[in-house]
Amino acid sequence: MTSRMSATVRAVSKPRSASRKAAIVLTQAAINKVKTLLEKQPEMQALRIGLKTRGCNGLSYTLEYTNEKKKFDEVVEQEGAKLFIDSKAQLSILGTEMDYVEETLSSGFVFNNPNIKGTCGCGESFNV
């Protein structure tokens, strides 16, 4: 079963969270949402963060349910929220904070990434 979710990317000048050894740090809102999503799909182990070439700025993160860890995936687990980071996404995601934002008309994961050099107007694609 492959189910993809969308995410927004924001360029930030420095990581918002305190430095940690993990490739990515999740906010409490992101932890809660990842856990909720995985509880609804009990046959799945984690969410996988991938990287695709698309959009007006070149790259975009993908999120999908997965029940298997690939050979070179990086595993990040924070307070029971489990992510696998695809090997293609690992270098561009280092130092990133993953948040979950709920607004009146939209909600979704937001990657606050200090490695990004530019984003498109909608925030879905970026370049490093």
Side-chain angles (χ1 to χ4, degrees):
M1 174 184 171
T2 300
S3 179
R4 294 187 189 262
M5 294 160 253
S6 65
T8 302
V9 179
R10 292 184 186 147
V12 294
S13 59
K14 60 183 178 179
R16 294 181 181 192
S17 299
S19 172
R20 295 192 187 179
K21 291 183 181 182
I24 188 169
V25 175
L26 285 74
T27 64
Q28 194 60 53
I31 290 168
N32 294 342
K33 188 62 178 181
V34 169
K35 287 168 64 173
T36 298
L37 289 170
L38 291 173
E39 286 169 3
K40 292 179 181 179
Q41 299 286 333
E43 69 280 4
M44 298 296 166
Q45 285 186 36
L47 292 181
R48 175 175 286 113
I49 300 173
L51 193 63
K52 276 203 164 205
T53 303
R54 75 171 188 210
C56 52
N57 244 298
L59 299 171
S60 181
Y61 288 122
T62 61
L63 285 168
E64 62 186 8
Y65 292 102
T66 185
N67 58 7
E68 67 175 293
K69 178 189 172 298
K70 293 182 181 176
K71 184 175 182 178
F72 296 108
D73 282 354
E74 169 124 6
V75 178
V76 175
E77 192 163 359
Q78 194 175 325
E79 295 181 35
K82 194 171 191 178
L83 300 173
F84 295 158
I85 303 173
D86 185 87
S87 61
K88 294 176 188 172
Q90 288 173 16
L91 286 177
S92 70
I93 212 163
L94 288 173
T96 296
E97 175 193 72
M98 182 177 172
D99 195 9
Y100 185 78
V101 177
E102 290 189 53
E103 296 174 349
T104 304
L105 298 176
S106 66
S107 61
F109 289 103
V110 176
F111 292 86
N112 297 306
N113 189 331
N115 306 308
I116 292 175
K117 303 295 183 225
T119 62
C120 65
C122 67
E124 287 189 21
S125 66
F126 62 94
N127 64 63
V128 287

Test item: [X] and [Y] side chains (from C-beta on) under 4.5 Å apart, heavy atoms:
| X | Y | value |
| --- | --- | --- |
| Gln78 | Val25 | yes |
| Lys82 | Val75 | yes |
| Phe84 | Gln45 | yes |
| Pro114 | Thr96 | yes |

Open item on the list: Parallel, tilted or perpendicular, judged at 30° and 60°: which one describes the rings of Tyr61 and Phe111?
Closed with: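 Aromatic pair Tyr61/Phe111 classed tilted.
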Look up atom [atom1] in [X] and atom [atom2] in [Y], then write down how far apart they are to the nearest 0.5 Å.
| X | Y | atom1 | atom2 | value |
| --- | --- | --- | --- | --- |
| Leu51 | Ile85 | CG | CD1 | 11.5 Å |
| Thr36 | Gln41 | OG1 | CD | 12.5 Å |
| Leu26 | Phe109 | CG | CZ | 8.0 Å |
| Glu64 | Thr66 | CD | OG1 | 6.5 Å |
| Met98 | Lys33 | CE | NZ | 11.0 Å |
| Met44 | Asn67 | CE | CG | 5.0 Å |

TODO: Taking all non-hydrogen atoms of both residues into account, name the closest pair between Leu47 and Leu37 and its distance.
DONE: CD1-CD1, 4.2 Å
- [ ] Check whether the side chains of Tyr100 and Thr27 place a donor and an acceptor atom closer than 3.5 Å, and report yes or no.
- [x]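 Side-chain D/A pair, Tyr100 to Thr27: absent.
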Open item on the list: Can you see whether Asn32 engages Gln28 through a side-chain donor-acceptor pair at a distance of less than 3.5 angstrom?
Closed with: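 Yes - a donor-acceptor pair under 3.5 Å links their side chains.
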Task: Ile49 vs Ile24, side chain to side chain contact (heavy atoms under 4.5 Å, CB included): CA-CA, chis, key distance, verdict - done: CA-CA 10 Å; Ile49 300 173; Ile24 188 169; 4.0 Å; yes
Open item on the list: Can you confirm whether more than 12 heavy atoms, excluding those of Lys88, are under 6.0 Å from its NZ atom?
Closed with: no
Open item on the list: Looking at Glu68, is its backbone amide N or carbonyl O close enough to the side chain of Arg48 to form a donor-acceptor pair, meaning the two atoms are under 3.5 Å apart?
Closed with: yes
